Amino acid sequence: MRTHGIEELLSDHPVFRDFDEETRALLVGCGRNEHFRPGDQIFAEDDPADKVFLIRHGDVAVEIATPERAPIIVETLHTGDLLGWSWMVPPYRHMSDARALTEISAISLDAECIRRKCDDTPALGYQMFSHLLPHMALRLRTLRLQLLDLYGPGRGQS
Amino acid sequence: MVRKVQPGPMMPRRYRVRRVWQELDGVTSMELAPLDGPPVGFQPGQFNMLYAFGIGEAAISISGDPARPDQLIHTVRSVGKVSAALTGLKDGDMVGVRGPFGTGWPVAAQTGRHIVIVTGGLGLAPLRPAIYHVLENRQDYAGLTLVYGARSPDELLYADEIKEWKSRFDTDVEVTVDHATAEWTGRVGVVTTCLDRALAGLEPSNVSALVCGPEIMMRFAVKSLGDGGVSPDNVWISMERNMKCAIGFCGHCQFGPDFVCRDGPVFRYDRVAALMAGKEI
Amino acid sequence: MAVVAGSSVTIDDPGALVRALRDDGWRVIGPRLGDGAIVYDEISGPGDLPRGITDEQEGGHYRLREGRVGRWFDYVVGPQSWKKWLFPARQKLWSARKSEDGFNVEPATETWPKTAFFGVRACEIAAMEVQDRVFDNGDFSDPGYGHRRAQTLIVAVQCARSAATCFCASMNTGPRAGSGFDIALTELEETTEGAFLVECGSARGAAILERMETQEPQKRHLEAAKAATRNAAESQTRAIAANVPDLLRGALDHPNWEVVADRCLSCANCTLACPTCFCSDVTDINDLTGDHTERWRNWDSCFSVDFSYVHGGPVRRSTTSRYRQWLTHKLSTWHDQFGTSGCVGCGRCIAWCPVGIDITAEAALFAEPSEESGD
């Protein structure tokens with residue numbers, strides 16, 4: 001029953017709904033339901049990046065700790081977003097903290113499971129990366145806009 | 001043979017600062033009243049040239065309620081000599097005012113449509129009059145969505161009002177910041193992300209979008225609007241260029257064939273799309 | 001002899017016209033020698049006019065030479081234009097003084113006696129008419145400019161000669177002025193009886209001419225006058241094609257901009273010499289006490305780096321973008337703004353560019369297909 005539930009949830013998710021059914025079925029075995037309460041730490045910097053989270057519902061703060069003051073939130077992720085990409089790239093360790101801002105329901109996919117299945121079935125690997133890359137690209141573009149500090153006080157003539 | 005040159009459009013009218021208050025660090029709002037004559041009406045999106053005695057003039061958009069011209073409000077950020085002088089004004093001080101100048105947001109003509117307002121930083125100031133107009137005539141519009149981005153939570157302009165607007169059931173407000181400390185429970189990211197989300201729930205052919213902020217933000221916001229199916233003749237932006245005279249004589253504010261002071265600052269996007277794509281125009 | 005607007009007379013000595021104007025109390029601004037060039041300044045009598053002088057003009061080159069003895073108007077336009085007087089390079093707009101409760105603003109005063117411009121060429125009349133539309137754009141007008149323009153009598157000179165840099169014929173602004181003058185002189189080849197055809201353009205002009213001794217023109221005078229300007233037109237070698245405004249509209253990314261910018265010094269000479277350029281800046285000048293301030297308007301140029309300054313930097317950072325702004329404004333977007341070209345074909349920008357950039361040659365390059373296009 002639970003396996004069937006994951007497949008349904010995956011087919012609903014904006015990232016995975018574009019995968020063909022066969023590929024999606026391959027991933028189901030790597031998946032499980034996850035739930036977090038507000039304030040829970042989903043993962044911490046330097047933790048092994050052993051899961052990727054598909055946020056079904058809720059808000060997550062991606063933050064980086066700094067010595068003298070409160071952690072800085074560099075990004076918030078919401079319903080439909082993917083949390084975690086360090087699982088794709090060695091050394092497979094998280095680069096930031098992630099904290100639940102609200103109740104979170106999510107599906108996690110075991111990273112090692114995905115990587116193994118991608119090695120076994122290259123077609124799966126290709127689909128994974130070609131579907132995930134556009135989302136990464138969007139995150140990169142967004143990050144660049146944040147970097148530009150567009151609303152910072154400029155120096156002007158008048 | 002010696003004659004007084006007629007007071008022309010370059011002469012400022014004298015206004016009294018009724019009150020001044022701080023909005024943010026380095027950002028001040030002021031309410032002005034004319035010394036002589038009745039208050040002058042304005043369209044949302046228009047601007048005045050404010051003169052600080054002996055220092056100079058700056059183009060500042062009007063950010064009060066167009067239905068209340070007797071409360072002439074400007075929000076100024078201190079970035080240079082003139083704006084520093086303006087933000088340093090006290091109750092009772094005198095300023096010079098010329099205007100109002102320029103084209104306004106076409107809100108009165110967009111009845112029946114869903115108004116999407118996309119702005120960031122101080123870009124909210126020239127849009128607030130449009131927001132006021134829509135809220136005061138809310139039944140005439142299909143909807144109102146505000147997407148606002150700021151640098152950080154303590155740099156949200158008009159934060160109290162945003163909260164008030166957010167609490168309304170007939171208005172959708174999405175606020176996002178570039179970065180925040182852990183106390184912030186809202187969004188951290190860029191307006192385009194919020195905008196994409198907001199558009200997903202709307203019928204694009206009924207959207208009229210008003211966009212104001214740094215040029216980069218406007219460019220990307222317009223792209224998101226386009227990707228979301230909103231056509232460029234339903235998108236308006238507000239341009240900014242160097243202004244000295246505001247009456248089309250000095251040539252400084254030219255943007256292609258247009259004078260931003262007379263043909264703008266509000267432009268329908270299809271008119272300026274080719275210029276926006278160019279560099280150093 | 002009764003003279004009316006639209007009629008012509010002949011005279012032998014243009015000096016008599018200068019004297020008639022002076023006697024009638026007119027301040028006369030006219031061409032005179034200054035710093036090796038023909039400049040427009042006040043003249044007190046015909047002796048101040050640069051008689052017997054001609055000019056040699058090419059790209060980046062201007063020299064005065066001894067010309068035909070006795071000829072009054074064999075030179076053409078110099079570095080200055082009449083905008084020097086109608087749209088002064090520095091003009092006080094208003095002053096303000098601190099008061100107990102703030103400050104008081106006082107409009108500036110100006111002295112503009114009744115003034116005659118003597119020796120105005122057709123391209124210069126066209127330039128004034130171009131600037132008229134700038135300084136009265138339908139919403140706002142410059143009251144000072146309007147007053148000076150209305151108060152000024154125009155004595156035109158129809159060109160009998162073109163410099164190599166002239167291209168007014170292709171811009172339809174000359175060498176003959178059809179209107180816009182109170183009086184127009186054409187210097188003929190006659191040595192006796194009627195060396196000048198004088199056209200009367202207005203009642204104001206007629207009033208002056210009636211105070212002079214004039215003769216009825218003969219057919220040969222009228223034909224000679226037409227021939228003179230026709231020869232001047234036909235001798236012109238430079239031109240700007242009629243489709244240039246459209247070509248430039250689509251040429252924002254043309255590779256040629258970089259090529260010309262490589263030579264351009266961004267020195268602003270062209271904008272200073274150009275009779276239609278109108279860009280200005282405003283400055284606030286205080287006295288030492290800080291109690292009294294004045295707001296002045298000064299000529300500015302789109303070639304200056306700060307011209308497009310906004311939010312911490314100029315929009316037009318590169319010389320390429322500034323040259324493009326000047327050329328596309330002058331020859332193309334001016335049409336969108338004011339319904340005419342900004343260029344009157346006077347050729348000053350060609351002569352006074354230190355590196356001899358030729359606006360007609362640059363405009364022509366945009367007519368050529370760029371390397372990227374398939375044709």
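Values in this document were obtained by computation on a predicted structure and should not be read as measured data. Throughout, protein chains are lettered first and strands after them, A, B, ... in sequence-line order, and every chain is numbered starting at 1.
Both the backbone and the side chain of D101(C) have a heavy atom closer than 4.5 Å to some heavy atom of chain B. In this structure, the portion of R16(B) lying under 4.5 Å from any heavy atom of chain C is its side chain and not its backbone. Only the side chain of L275(B) comes within contact range of chain C, with at least one heavy atom under 4.5 Å from a heavy atom of that chain. Interface residue F101(B): only side-chain heavy atoms are found under 4.5 Å from chain C. Only the side chain of F338(C) comes within contact range of chain B, with heavy atoms under 4.5 Å apart. Looking at R97(C), the atoms closer than 4.5 Å to chain B (heavy atoms on both sides) all sit in the backbone: N, CA, C or O. Interface remark: Q254(B) contributes backbone and side-chain atoms alike to the contact with chain C (heavy atom separation under 4.5 Å). Both the backbone and the side chain of R241(B) have a heavy atom closer than 4.5 Å to some heavy atom of chain C.
Considering only heavy-atom pairs separated by less than 4.5 Å from chain B, the leading option among T320(C), T328(C), V282(C) is V282(C). By number of non-hydrogen pairs under 4.5 angstrom with chain B, the leading residue of S141(C), C302(C), G290(C) is S141(C). By number of non-hydrogen pairs under 4.5 angstrom with chain B, the leading residue of E294(C), R249(C), H329(C) is H329(C).
Of the inter-residue distances, the one linking K244(B) atom NZ with C279(C) atom SG reads 12.0 Å to the nearest 0.5 angstrom. In this structure, CG in L35(B) is found 9.5 Å from CG in N104(C), a value given to the nearest 0.5 Å. Residue D258(B) holds its CG atom at 8.0 Å from CD of Q337(C), rounded to the nearest 0.5 Å. We find the SG-CG distance between C245(B) and D281(C) to be 10.5 Å, quoted to the nearest 0.5 Å. From C253(B), atom SG reaches atom CZ of F307(C) across 8.5 Å, with rounding to the nearest 0.5 Å.
Of the possible donor and acceptor atoms, one in the side chain of N286(C) sits under 3.5 Å from a partner among the backbone N and O of G54(B). Distance alone, capped at 3.5 Å, is enough to place a donor-acceptor pair between the H252(B) side chain and the S280(C) backbone. Between the side chain of E240(B) and the backbone N or O of V310(C) there is no donor-acceptor pair closer than 3.5 Å.
Residues D139(C) and I247(B) fail the side-chain proximity criterion, which asks for heavy atoms closer than 4.5 Å. Side-chain contact between V105(C) and P12(B): present, with at least one pair of heavy atoms (C-beta onward) separated by less than 4.5 Å. Annotation: side chain of N137(C) is in contact with side chain of R262(B) (closest heavy-atom distance under 4.5 Å). Within the 4.5 Å cutoff, the side chain of R324(C) has heavy atoms near those of the E280(B) side chain.
Nearest heavy atom pair, residue G56(B) against residue D284(C), reads CA-OD1, 3.3 Å. Pairing each heavy atom of P9(B) with each of P143(C), the nearest pair is CD-CD, 4.2 Å. Taking all atoms of both residues into account, the shortest heavy-atom contact from M10(B) to W94(C) is O-NE1, 2.8 Å. Shortest non-hydrogen contact noted between Y51(B) and T293(C) is OH-CG2, 3.3 Å.
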For E57(B) and R295(C): C-alpha separation, side-chain torsions, deciding distance, then whether salt bridge (Lys or Arg N to Asp or Glu O under 4.0 Å) applies. CA-CA 10 Å; E57(B) 274 184 335; R295(C) 179 148 259 243; 3.0 Å; yes
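Taking the ring centroids of F135(C) and F249(B), they lie under the 6.0 Å cut-off.
Within a 6.0 Å sphere centred on CD of E362(C), other residues, nucleotides and ligands contribute more than 12 heavy atoms.
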